[in-house]
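Read the structure below first, then the notes.
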Amino acid sequence: MIFTNASAAKELNIVFREATPQDAAEVLACIQSEYGDHYFAQSLYDLNYMASEIRSGSLMVQLADLNDGSAAAIINTWYFKHLDNIAAFGGLIVRPDCRRFGISGPFMEYAFDIAKNTGAAALYSYPYASHTITQVPAMKLGFVACGFEFQRADSGIMSYSFGGGHNAKSICGLCVMPHRAKAPARVFVPDDLKPITEKIYGAVGMRPDISHEGEPDTDMFHFAVSEHNRYCSAYVESGGEALGAAVLGAAGAYRHWPTLTINAYVNINRKSAVPSITALQKAGFFFAGLFPVTGDGAVVMLHHPMNTQIYFDEIKTTGFFTDLLSDIREHYEKRAIKA
């Protein structure tokens, strides 16, 4: 397939194909062309690990190969079989010297056709919000915006050619294609989150019953830390009034990081979601997105920026992402300030 950069009067002859475990070094070379040694997915710098993940089917990589055998671009898709085969689609990287040839759109279509035929129940994608280059083809493929990942990587560590303006974190959009997944019958969120929850479910064509019933439960969450990207994540199964303080307490050992941020992911298929979310909001978290379908039903994502300012005016969006960002900004501006 021939791709042309008219302004530079150059052509590239490219073949799209699926990577094998033997292509791990080629994949890494493309990653390093943009991110050096600081890509947020540090595990991919281990060639043996990458090869084993490709071999097992947990990671699928597509290559846009040049005549010299190097990759002009890659797309990686992770499959989470423990979540009913939910897939994180479209980690697109185009080598800097191969940009402006119109590769992204056709390449994403190629990778998408493969991903949707693998049996995945739902596909999620994280297009960058420092530009709209990958948001546009994602929308054309049928993905629907459902949130923002405000802590994808630390911009001071993972620099990249598009930059992020004044934002200290690399910010990505979150979008979904439910594909074969069905909506949960009922979800539980506080009253103040019902409108945005309805809006997102409506956009993806789902109508679950949205209840504000709450029932406190024992605080149960798994806490994970990314030292490279300077953020923490709390995966909440249940909780009550003390949950917010418990999550902030777990992050206490990392407050010396100047750009520390925290995400909390709350399972909203249980009544304990309402007091859990309320407790997190009182601790300074705000609504950042919704995973409308997962293996367990649905998850609300909340974000605590700690002392890291979010420059909303510098976030680049298109389509429903723009509408959704406006709603999320309102939640951010109304949040309880506790760091």
Side-chain angles (χ1 to χ4, degrees), residues 35-42 126-132 135 145-174 193 196 221-236 243-266 276-277 279-291 299-317 321-322 324-339:
Y35 297 102
D37 293 330
H38 300 294
Y39 189 48
F40 76 92
Q42 285 286 291
Y126 295 84
Y128 276 121
S130 55
H131 55 74
T132 61
Q135 292 177 37
C146 55
F148 286 84
E149 172 64 82
F150 289 103
Q151 62 176 32
R152 191 65 168 176
D154 195 289
S155 299
I157 297 172
M158 191 196 81
S159 60
Y160 55 110
S161 56
F162 290 100
H166 292 92
N167 282 301
K169 295 289 187 179
S170 172
I171 298 171
C172 292
L174 171 67
L193 295 190
I196 197 167
F221 63 91
H222 168 68
F223 199 74
V225 178
S226 173
E227 293 193 16
H228 181 77
N229 296 306
R230 295 175 180 167
Y231 67 72
C232 301
S233 302
Y235 300 90
V236 179
L243 178 66
V247 171
L248 290 180
Y254 310 98
R255 283 179 176 263
H256 61 284
W257 293 342
T259 55
L260 169 66
T261 53
I262 311 169
N263 267 7
Y265 302 88
V266 182
S276 295
I277 291 171
L280 289 164
Q281 289 174 317
K282 289 180 178 178
F285 287 80
F286 67 94
F287 178 92
L290 171 68
F291 292 81
V299 169
V300 156
M301 175 172 62
L302 301 134
H303 181 68
H304 198 313
M306 301 299 282
N307 295 314
T308 303
Q309 185 173 345
I310 299 174
Y311 295 87
F312 281 87
D313 291 337
E314 297 186 16
I315 299 173
K316 309 300 182 185
T317 59
F321 271 122
T322 302
L324 193 57
L325 183 65
S326 177
D327 291 340
I328 289 173
R329 185 172 186 170
E330 287 186 21
H331 284 275
Y332 168 79
E333 291 174 347
K334 293 176 181 176
R335 75 187 183 95
I337 309 297
K338 289 187 180 180

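These values consider heavy atoms only, across backbone and side chains, with no hydrogens, waters or symmetry-generated copies.
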Which value, rounded to the nearest 0.5 Å, describes the distance between [X] atom [atom1] and [Y] atom [atom2]?
X	Y	atom1	atom2	value
Thr259	Asn307	OG1	CG	10.5 Å
Gln309	Asn167	CD	CG	8.5 Å
Met301	Ser233	CE	OG	10.0 Å
Ser170	Tyr35	OG	OH	7.0 Å
Lys334	Gln281	NZ	CD	11.5 Å

Smallest separation among heavy atoms of [X] and [Y], with atom names:
X	Y	value
Leu260	Met306	O-CB, 3.2 Å
Cys172	Tyr128	SG-CD2, 3.5 Å
Leu290	Phe287	N-CZ, 4.0 Å
Ala283	Leu248	O-CD1, 3.7 Å
Val247	Ala234	CG1-CB, 4.0 Å
Ile328	Gly147	CD1-CA, 4.2 Å

A side-chain contact here means heavy atoms from C-beta on lying under 4.5 Å apart; do [X] and [Y] qualify?
X	Y	result
Cys232	Phe223	yes
Tyr231	Val225	no
Thr317	Thr132	no
Phe150	Thr261	no
Ile262	Leu302	no
Arg329	Asp313	yes
Phe148	Leu174	no
Leu324	Ile196	yes

(message) For a side-chain hydrogen bond (donor to acceptor under 3.5 Å, both in side chains) check, start with the C-alpha distance between Gln42 and Asp37, then their side-chain angles and the critical distance, and finish with the verdict.
(response) CA-CA 8 Å; Gln42 285 286 291; Asp37 293 330; over 6 Å; no
(request) With Pro305 as reference, evaluate Gln151, Arg335, Lys169 under the side-chain contact (heavy atoms from CB on, under 4.5 Å) test and give the passing residue. (result)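 Single side-chain contact (heavy atoms from CB on, under 4.5 Å) partner of Pro305 among Gln151, Arg335, Lys169: Arg335.
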How are the rings of [X] and [Y] set relative to one another: parallel (under 30°), tilted (30 to 60°) or perpendicular (over 60°)?
X	Y	result
Tyr332	Phe286	perpendicular
Trp257	Tyr254	tilted
His166	Tyr311	tilted
Tyr235	Tyr265	parallel

(message) Distance alone, cut at 3.5 Å: any donor-acceptor contact between the side chains of Asn263 and Glu149?
(response) yes
(message) Please report whether the ring centroid of His303 lies less than 6.0 Å from that of Phe285.
(response)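 Between Phe285 and His303, the centre distance exceeds or equals 6.0 Å.
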